[in-house]
Protein chains: 2
Amino acid sequence: MRLLLVEDDLDLAKGLLLALSAQGFVVNHVSTGKHALSSIKAKDCDAVILDLGLPDMDGLDLLKQSRQREGNLPVLVLTARDGIDDRIRGLDLGADDYLVKPFAMPELFARLRVIERRLGTAATHLIKLQQVELDTSAHLVRVEDEAVSLSRREFMLLKELMESAGRIKTREQLEASLYAWGEEVASNALEVHISNLRKKLPKDFIKTLRGVGYSVSVG
Amino acid sequence: MRLLLVEDDLDLAKGLLLALSAQGFVVNHVSTGKHALSSIKAKDCDAVILDLGLPDMDGLDLLKQSRQREGNLPVLVLTARDGIDDRIRGLDLGADDYLVKPFAMPELFARLRVIERRLGTAATHLIKLQQVELDTSAHLVRVEDEAVSLSRREFMLLKELMESAGRIKTREQLEASLYAWGEEVASNALEVHISNLRKKLPKDFIKTLRGVGYSVSVG
DNA sequence: CATTGTTTTAAGGTTACTTTAAGTATTCCC
DNA sequence: GGGAATACTTAAAGTAACCTTAAAACAATG
């Protein structure tokens, strides 16, 4: 995990750098809010350790800006200030955790490991093929970054096709996954949905295989 | 957000239940580790508040088992024990946060909000979309800088929607986050709340996706 | 215990999705 | 090229999902 350490006390920074890299973390160190922000913008780290007492900028301000720019970049705040009010302000502004100085190194490591574990398991069910992006968990489809609204059946159908991109889905397979047991469809509903889908997707995104079924290519 | 409160001190539990639901959390309460585990297995909550001092099971054990079963279910640990060693043990076993008793309620709320933010989209306690501003911590909503009064359920509903702005919330998801176990709703209460909310919000702020659910857009 | 505000239930009206069905366009094969 | 099979499009009919309203049940407050 790549860390950005924002700390103006050079002695403390040096100690932290040493200890963190001994624990296997990769750490970049900056000592001003300005540098911190540009590093955050460059998406150059997986998490931030932020000391609130900075010379050029209020730490909570920096936190706020970081939060606006990189929504869920984890930030662990270090502070000398005590008192519950300050802590709540920090947490509500988007800090993921909080450590009051002086703190024990092992506790810092433990908290970083929590963040690490969390980053590893950020699951999004997103399929992207060509210009088409389908988010199964959010029920959302984008074509060239433009949200497209699909009806329920259209969404189901597209999902089936995109989940087995590169392979052919037979008409029977598609009908089976769109319709539950009792409600087989007597007519050409499937073709109608395909037709309506195509109007909303790039040209030739869904290919027909005469006598067999449909497919979308991974290309 | 649905919480599971694991606490054997009934007085404390009662107080927490009251305070948390006033803050708009949906809370289920159990007092033994056994019940806690079965609820966790059933995936019936988004986060756990766990008191380490349980009668039937060591709290850290429960934490470990929960972690094995539900990898990233957030757990906030309450404890009377002090000393850094214990805290590190808790964090490394998978607790996401730690509060030593006695603690101040607002700090608990703040830490829950951190967890909440992490689970959903990275919204801070103040979410502003279009003309609508929602302050999670103050329970306040403004439309075009004009304060608007919402009932508890209306607020919860709007919060859920705004926290996942840009994504679609299914009916099931919304109902699950509005109602705790015993109080499932048999009828169209959700639709009624949506309808009442819309009267108080800008036109088309809440969009319907037939057969799927509802959403508000970030734009 | 009465008043007030909130939440749920229930019913009818409305909208938009889905299917049907009929006509048009393709592809394939002789 | 002509005929048959298959696929595509369109528009209208059917249907399921949703919206609104009003009233009943419930909870909080003085």
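Computed from a predicted model, the values in this text were never measured in an experiment. In what follows, every chain begins at residue 1, and chains take the letters A, B, ... in the order their sequences are listed. Because only heavy atoms are used, hydrogens play no part in the values below, and waters and symmetry mates are left out as well, while side chains stay in.
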**Message:** For the helix from C:dC1-D:dG30 to C:dC30-D:dG1, what angle separates the axis at the start from the axis at the finish, each from five pairs, in steps of 10°?
**Reply:** 40°
**Asked** From A:Ile127 CD1 over to A:Asp135 CG, what is the distance, rounded to the nearest 0.5 angstrom?
**Response** 9.0 Å
**Asked** With no hydrogens and no angle check, is any side-chain donor or acceptor of B:Ser66 less than 3.5 Å from a backbone partner on B:Leu62?
**Response** no
**Request:** Assign each of A:Asn196 and B:Ser187 to its nearest nucleotide of DNA chain C by heavy atoms, then name whichever residue's nucleotide is nearer the 5' end.
**Result:** B:Ser187
**Prompt:** Do B:Thr32 and B:His35 have side-chain atoms, one donor and one acceptor, less than 3.5 Å apart?
**Reply:** yes
**Prompt:** Only one of B:Asp51, B:Asp11, B:Leu108 forms a side-chain contact (heavy atoms from CB on, under 4.5 Å) with B:Leu16, so which one is it?
**Reply:** B:Leu108
**Prompt:** Would you say C:dT6 has OP1 or OP2 under 4.0 Å from some side-chain N or O of B:His193?
**Reply:** no
**Asked** Just by modelled atom types, is the A:Leu150 backbone N or O under 3.5 Å from a matching donor or acceptor in the A:Lys200 side chain?
**Response** no
**Asked** Within the structure, does a side-chain N or O atom of B:Tyr179 lie under 4.0 Å from either OP1 or OP2 of C:dT8?
**Response** yes
**Prompt:** Rounding to a whole Å, what distance do you find between B:Met156:CE and C:dT8:C1'?
**Reply:** 15 Å
**Fill in**
Side-chain contact check for B:Arg153: nearest option of C:dT20, D:dT9, C:dT8 is C:dT8
**Request:** Could you work out which one of D:dT9, D:dC19, C:dT9 sits closest to the side chain of B:Tyr214?
**Result:** D:dC19
Check nucleotides 23-27 of chain C for protein N or O atoms closer than 3.5 Å to its own N or O atoms and list the pairs.
unit_1 : atom_1 : unit_2   : atom_2 : d
C:dT26 : O2     : A:Arg210 : NH2    : 3.0

**Message:** One thing to verify: whether B:Asp46 and B:Arg2 come together as a salt bridge, which I'm taking to mean a side-chain N less than 4.0 angstrom from a carboxylate O.
**Reply:** no
**Complete:** B:Glu154 CD to C:dT6 C1', in whole Å, measures 8 Å
**Asked** Is the backbone of B:Met1 close enough, under 3.5 Å, to the side chain of B:Glu160 for a donor and an acceptor to pair up by distance?
**Response** yes
**Asked** Rounded to the Å, how far apart are B:Ile194 CD1 and C:dT14 P?
**Response** 21 Å
**Asked** Do A:Arg198 and A:Thr208 have side-chain atoms, one donor and one acceptor, less than 3.5 Å apart?
**Response** yes
**Asked** So with a 6.0 Å cut-off around NZ of A:Lys64, is the heavy-atom count from everything else above 12?
**Response** no
**Asked** More 5' along DNA chain D: A:Glu191 or B:Lys199, using each one's nearest nucleotide?
**Response** A:Glu191
**Asked** Any donor-acceptor pair under 3.5 Å linking the side chain of B:Glu175 with the backbone of B:Glu172?
**Response** no
**Message:** Looking only at side-chain N and O atoms, does B:Ser217 offer a donor or acceptor that is under 3.5 Å from a partner on B:Arg167?
**Reply:** no
**Item:** Phosphate OP1/OP2 of D:dT20 contacted by B:Ser195 side-chain N/O (<4.0 Å)
**Value:** yes
**Complete:** Under a 4.0 Å heavy-atom criterion, the protein footprint on nucleotides 22-30 of chain D, written with B, S and -, is ---------
**Prompt:** For the pair made of CZ in A:Arg198 and P in D:dT10, what is the distance, rounded to whole Å?
**Reply:** 13 Å
**Message:** If the cut-off is 4.0 Å, is A:Ser151 near the phosphate of C:dT18, judged by side-chain N/O to OP1 or OP2?
**Reply:** yes
**Message:** In this structure, how many angstroms lie between the P atom of C:dT7 and the CG atom of B:Leu197, rounded?
**Reply:** 10 Å
**Complete:** Taken to the nearest whole Å, CG/B:Leu209 to P/D:dC18 is 10 Å
**Asked** Is any side-chain N or O of A:Arg171 closer than 4.0 Å to OP1 or OP2 of D:dT6?
**Response** no
**Request:** Could you tell me whether B:Glu146 and B:Arg142 have a side-chain N and a carboxylate O separated by less than 4.0 Å?
**Result:** no
